[in-house]
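In what follows, a single structure is set out as structure tokens and then discussed.
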Amino acid sequence: MARSVVGDDATDEPESTRRGRRGYVPDWRDTVPTLTVADTRITITTPPRKPNDEYHRADLQDAFDFWAAAGSAANVAMQLGWREVAYGVMESKVESGALMHHPWKRLRTTATYLAVAVLGTQDERDAYRDAINTAHRHVRDDENSPVKYNAFNRELQMWVAACLYIGFEDAHELLHGKMDDEQAEQFYAGASSLGTTLQVTEEMWPSTRREFDHYWNVACERISYDEIQIQFINDLIDLKMITPMLGLPLRGLLRFLSIGMMPPLFREKIGLRWRAVDQRRFANLFLFVGFVNRFLPRPLRFGSFYFNMSDLRRKIEKNKDLI
């Protein structure tokens with residue numbers, strides 16, 4: 001299937017105008033960040049993993065444990081830290097994929113995206129990119145929007161993809177142990193597909209894990225939350241978009257997990273309290289979960305993502321809509 005080619009912002013502006021516009025994170029490689037990973041990453045206290053441990057392999061394709069879903073709401077909250085992304089989500093004109101109206105479909109679409117970006121072939125990625133492009137064409141600001149945004153903007157997509165990578169790495173370390181520099185670099189290899197399955201170019205994606213930290217710390221300087229964003233995030237964490245019969249029993253646990261999966265800077269900006277005792281409980285919980293995880297068969301741990309890939313391939317074969 002031929003893939004569509006979409007410009008950086010998919011607007012009617014002359015190319016010369018687009019080239020001259022100031023980027024969201026201009027020249028980040030030459031910028032000295034004011035933030036550090038102590039501000040922008042969560043604390044991982046799980047014991048370091050052993051070298052060449054088959055179960056604890058440092059491989060992005062082994063990062064699909066279903067426990068990772070515990071950080072889904074936190075990751076969305078992080079993505080919404082860039083106001084352009086936030087208002088693109090909150091004002092989405094694609095009603096069928098709106099997070100607060102069709103949460104299960106949005107969850108399935110995101111999970112399938114993650115699966116195809118990491119596990120899929122290039123043809124499958126291209127096909128899914130085309131499907132997402134169809135929806136993204138409608139996601140852009142209008143005269144009532146407080147910020148300008150366009151879902152085809154590569155820098156906005158780069159930020160979202162970087163958040164998704166952070167979610168993968170954090171969950172994998174919580175479950176399988178802290179990685180050393182060599183293991184982290186191995187895990188990071190191939191992560192660019194999280195962005196290039198959209199419009200992010202290979203050149204935009206940081207080439208090494210150390211360089212990614214540099215990008216991340218610079219990009220986090222842009223995060224900002226207004227009252228509307230904060231209310232949206234709290235509604236998300238409190239599962240206001242699903243039936244109370246299901247949402248109420250899970251609300252307390254999801255809020256605890258979501259705050260725990262957010263770096264200190266994000267908690268502070270949103271106004272979420274996180275005490276030392278909460279951090280200890282969070283760390284102990286994942287020590288227990290990581291131990292239990294060892295005894296679960298891989299098909300059970302990865303089952304939902306395998307299903308998503310199987311469903312996507314069936315739809316491609318039958319030429320059905322992918323999202």
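These numbers were taken from a predicted model, which means no experiment stands behind them.
- For the pair Asn133 and Gln199, the minimum side-chain heavy-atom distance is below 4.5 Å.
- To the nearest 0.5 Å, atom CG of residue Leu265 and atom CE of residue Met78 are 9.5 Å apart.
- Taking the side chain as every heavy atom from C-beta outward, Arg251 and Lys240 approach each other to under 4.5 Å.
- You'll find the ring centres of Phe256 and Trp274 inside the 6.0 Å limit.
- For Glu185, the side chain to side chain donor-acceptor pair (under 3.5 Å) test picks out no residue, with sequence neighbours left out.
- Not less than 6.0 angstrom separates the ring centroid of Phe187 from the ring centroid of Phe168.
- By the 30° and 60° cut-offs, the orientation of the rings of Phe266 relative to Trp216 is parallel.
- A donor-acceptor pair is defined here as one N or O able to donate and one able to accept, closer than 3.5 Å; such a pair exists between the side chain of Asp278 and the backbone of Arg275.
- For the salt bridge (charged side-chain N to carboxylate O under 4.0 Å, His left out) test, residues two or more places apart in sequence or in another chain that qualify with Asp311 are Arg314, Lys315.
- Applying the side chain to side chain donor-acceptor pair (under 3.5 Å) rule to Arg301 yields the partners Asp65; only residues at least two apart in sequence or on another chain are considered.
- Residues Thr197 and Ile132 fail the side-chain proximity criterion, which asks for heavy atoms closer than 4.5 Å.
- Annotation: side chain to side chain donor-acceptor pair (under 3.5 Å) contacts of Gln229 (sequence neighbours excluded): Arg83.
- Looking at Arg41 and Glu173, no side-chain N of the basic residue comes within less than 4.0 Å of a carboxylate O on the acidic one, giving no salt bridge.
- Distance alone, capped at 3.5 Å, places no donor-acceptor pair between the Arg154 side chain and the Val200 backbone.
- Legend: residues meeting salt bridge (charged side-chain N to carboxylate O under 4.0 Å, His left out) with Arg255, ordered by chain and number and at least two apart, are Asp238.
- Aromatic ring orientation, Phe212 versus Tyr165: perpendicular (interplanar angle above 60°, classes split at 30° and 60°).
- By the side chain to side chain donor-acceptor pair (under 3.5 Å) test, Glu211 pairs with Ser207, sequence neighbours left out.
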Next on the checklist: Could you go through Asn293 and His176, starting from their C-alpha distance and side-chain angles, then the distance that decides it, and tell me whether this counts as side-chain contact (heavy atoms from CB on, under 4.5 Å)?
Outcome noted: CA-CA 9 Å; Asn293 202 51; His176 295 273; 4.0 Å; yes
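- Judged by distance alone, the side chain of Ser145 and the main-chain N or O of Asp142 form a donor-acceptor pair under 3.5 Å.
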